[in-house]
There are 2 protein chains.
Amino acid sequence: MQTNCLKQGETMFVNINAHPGSRPKALGQLGELSRAKVILSEFKYNKGTEIFGEAEPADYIYQVANGAVRTHKLLSDGRRQIGAFHLAGDIFGLENGATHRFTAEAIVDTTVRLMKRCSLEHVAETDAMVALDLLNMTTTNLRHAEEHMLLLGRKTSLERVAAFLLEMDPRLTAAGVMALPMSRRDIADYLGLTLETVSRALSHLHGMGILGFLGQTQRQIVLLDRIRLAELDL
Amino acid sequence: MQTNCLKQGETMFVNINAHPGSRPKALGQLGELSRAKVILSEFKYNKGTEIFGEAEPADYIYQVANGAVRTHKLLSDGRRQIGAFHLAGDIFGLENGATHRFTAEAIVDTTVRLMKRCSLEHVAETDAMVALDLLNMTTTNLRHAEEHMLLLGRKTSLERVAAFLLEMDPRLTAAGVMALPMSRRDIADYLGLTLETVSRALSHLHGMGILGFLGQTQRQIVLLDRIRLAELDL
DNA sequence: TGCCCCTCTTGATGCAGATCAAAGGTTCAC
DNA sequence: GTGAACCTTTGATCTGCATCAAGAGGGGCA
């Protein structure tokens with residue numbers, strides 16, 4: 001792989017926006033990779049901004065410190081498929097090859113931690129434990145992608161939306177309320193539907209008494225009957 | 001992970017059907033994993049038979065010696081999504097966890113090479129090179145799954161069939177003829193369509209002069225215009 | 001040779017979800 | 001504070017693919 005990465009100007013990503021005192025904690029939070037001692041800093045992205053683009057060189061790997069990130073692919077005519085949503089603690093942008101396979105954007109104002117990819121790679125070449133950590137993370141991504149292929153290829157719109165809610169529930173629900181950071185369009189592009197169909201499915205679940213909306217924005221959802229919701233997702 | 005795998009009866013998979021003299025060659029062909037010296041044998045599966053089932057313990061990893069394999073997931077009502085087709089040389093059934101995430105079946109009479117998973121795992125724990133080999137293979141699978149999510153979520157039926165032909169072309173075409181081992185139903189379940197829609201798309205491409213059928217079975221295809229075919233797959 | 005089964009194609013019809021459209025609510029820039 | 005842009009819902013209509021249906025090879029086997 002590339003070995004010249006240390007030459008690149010890494011000062012452009014100096015941590016200027018990190019919260020005071022957050023650095024030591026950050027070091028302990030790059031998950032299992034913490035045993036690989038590598039360069040780490042923080043960076044902040046405003047809502048809607050691009051973190052990296054598809055086919056760009058993958059010089060860093062990222063972890064969401066707070067906020068939310070979507071990764072997507074585009075067809076030449078603009079059709080979009082979101083591959084995953086990344087929430088606090090998630091690692092994304094981990095590539096084995098030299099370039100990113102997705103575009104990553106901040107869904108809301110988001111702080112990420114950065115790690116030099118090549119330094120990690122170098123460690124992995126000699127440290128089997130680090131290599132196994134990378135393997136575990138990649139396997140987690142693969143498992144998710146495999147489940148999502150089944151959803152995209154064979155599930156109905158209601159099943160997809162039910163599956164989405166069940167996937168987000170443990171990740172986003174706090175104090176009984178699920179606060180979705182993403183728009184209906186994002187959900188639609190994740191589930192291979194249109195935003196209207198997502199909206200109708202949510203209204204339908206609301207009508208069935210399976211969920212309730214809180215506040216005005218329709219992005220605060222309360223799951224009232226997880227049992228029936230799970231029955232809708234075959 | 002599990003460490004008791006050496007206790008399990010591995011004699012049940014003794015190589016009885018391997019071609020004489022094929023063993024030494026086989027050992028040199030488990031791709032990059034050849035450096036990990038592990039148990040290896042061959043086994044033959046008849047057309048349509050199951051090689052392993054979803055959620056079964058993953059005691060072995062497999063390589064297609066000859067033939068073709070499909071891996072799929074099922075919904076409770078029988079809807080099927082094929083995740084990948086595996087052809088000669090391909091490795092499948094590689095899991096990081098303890099169980100298989102797909103069911104694998106032989107599409108035609110197929111010979112596979114087997115390798116004890118746990119012995120490999122043991123090697124990977126200490127040998128970073130082997131661990132990186134596993135990472136590379138898993139990444140290859142992930143990349144494929146990511147591309148397939150885009151296809152399943154956002155492409156039209158004609159685009160899907162075009163993409164399928166372009167994917168199989170370099171793998172199956174010999175002497176200008178692509179000999180598909182799988183049925184229209186298999187293709188449909190891979191592409192998230194019905195077999196009728198796949199048949200219509202192929203007929204349409206035939207009518208456009210982009211492909212021709214050879215013989216009677218409709219599984220021998222000649223690609224006549226790869227340029228226009230590629231233009232159909234956005 | 002002839003029959004059955006399996007695969008594939010093709011046509012007719014149906015429907016889930018896409019598209020088109022409109023209106024109310026929220027957020028943000030100025 | 002006001003207007004513009006965006007987000008979401010809901011209704012009407014359209015359409016691509018699914019479903020239902022029929023029939024034509026082809027291959028295996030008695």
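Scope of the values below: all heavy atoms of this structure, side chains included, with no hydrogens, waters or symmetry mates. Sequence lines set the chain letters: A, B, ... in the order given, protein chains first and strands last, and positions in each chain run from 1. On a predicted model such as this, the values are computed, not experimentally measured, just so you know.
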C:dA16 phosphate, OP1 or OP2, under 4.0 Å from A:Thr197 side-chain N/O: no
Residues B:Arg171 and B:Asp90 bridged, charged N to O under 4.0 Å: yes
Pair A:Phe92 + A:Phe102: ring centers closer than 6.0 Å: no
Aromatic ring pairing B:Phe85/B:Phe164, orientation class (parallel under 30°, perpendicular over 60°, tilted between): perpendicular
Interatomic distance where CD1 belongs to B:Ile187 and P belongs to D:dC17 [whole Å]: 16 Å
Carboxylate-amine/guanidinium proximity below 4.0 Å for A:Lys73 and B:Glu147: yes
Check nucleotides 5-7 of chain C against the protein and report each pair of N or O atoms closer than 3.5 Å, with its distance, or say if there are none.
unit_1 : atom_1 : unit_2   : atom_2 : d
C:dT7  : O3'    : B:Arg219 : NH2    : 3.4

Nearest heavy atoms of B:Lys44 and B:Asp109, plus distance in Å: NZ-CB, 3.9 Å
Atom-to-atom span, CG of A:Leu195 to P of D:dC7 - whole angstrom: 10 Å
A:Gln220 CD to C:dT26 P, straight-line distance once rounded to whole Å: 13 Å
Qualifying residues under side-chain hydrogen bond (donor to acceptor under 3.5 Å, both in side chains), relative to B:Arg79, sequence neighbours excluded: A:Glu159, B:Asp77
Interatomic distance, A:Lys155 NZ vs D:dA18 C1' [rounded to whole Å]: 20 Å
A:Thr156 side-chain proximity, nearest of D:dT9, C:dG17, C:dT9: C:dG17
N/O (side chain, A:Thr194) to phosphate O (OP1/OP2, C:dG17) under 4.0 Å: no
Heavy atoms of other groups near A:His72 NE2, more than 12 under 6.0 Å: yes
Non-hydrogen atoms of B:His206 and B:Gly212 that approach each other most closely: CD2-CA, 4.1 Å
Atom-pair distance (CD on B:Glu196; P on D:dA22), nearest Å: 14 Å
Net bend of the helix from C:dT1-D:dA30 to C:dC30-D:dG1, end axes of five pairs each, nearest 10 degrees: 40°
Spacing of A:Arg185 atom CZ relative to D:dC6 atom P, expressed in whole Å: 11 Å
Sugar-phosphate only, base, or nothing, as touched by B:Gly192 at under 4.0 Å among non-hydrogen atoms: sugar-phosphate
Spacing of A:Met182 atom CE relative to D:dC7 atom C1', expressed in whole Å: 15 Å
Non-hydrogen atoms of A:Arg80 and A:Glu105 that approach each other most closely: NH1-OE1, 4.3 Å
Base D:dG16 paired with B:Arg200 side chain (donor-acceptor, <3.5 Å): no
Length of the line joining B:Leu193:CG and C:dT9:C1', which is rounded to integer Å: 16 Å
Residue whose nearest DNA chain D nucleotide is more 5′ - A:Ser199 or B:Leu158: A:Ser199
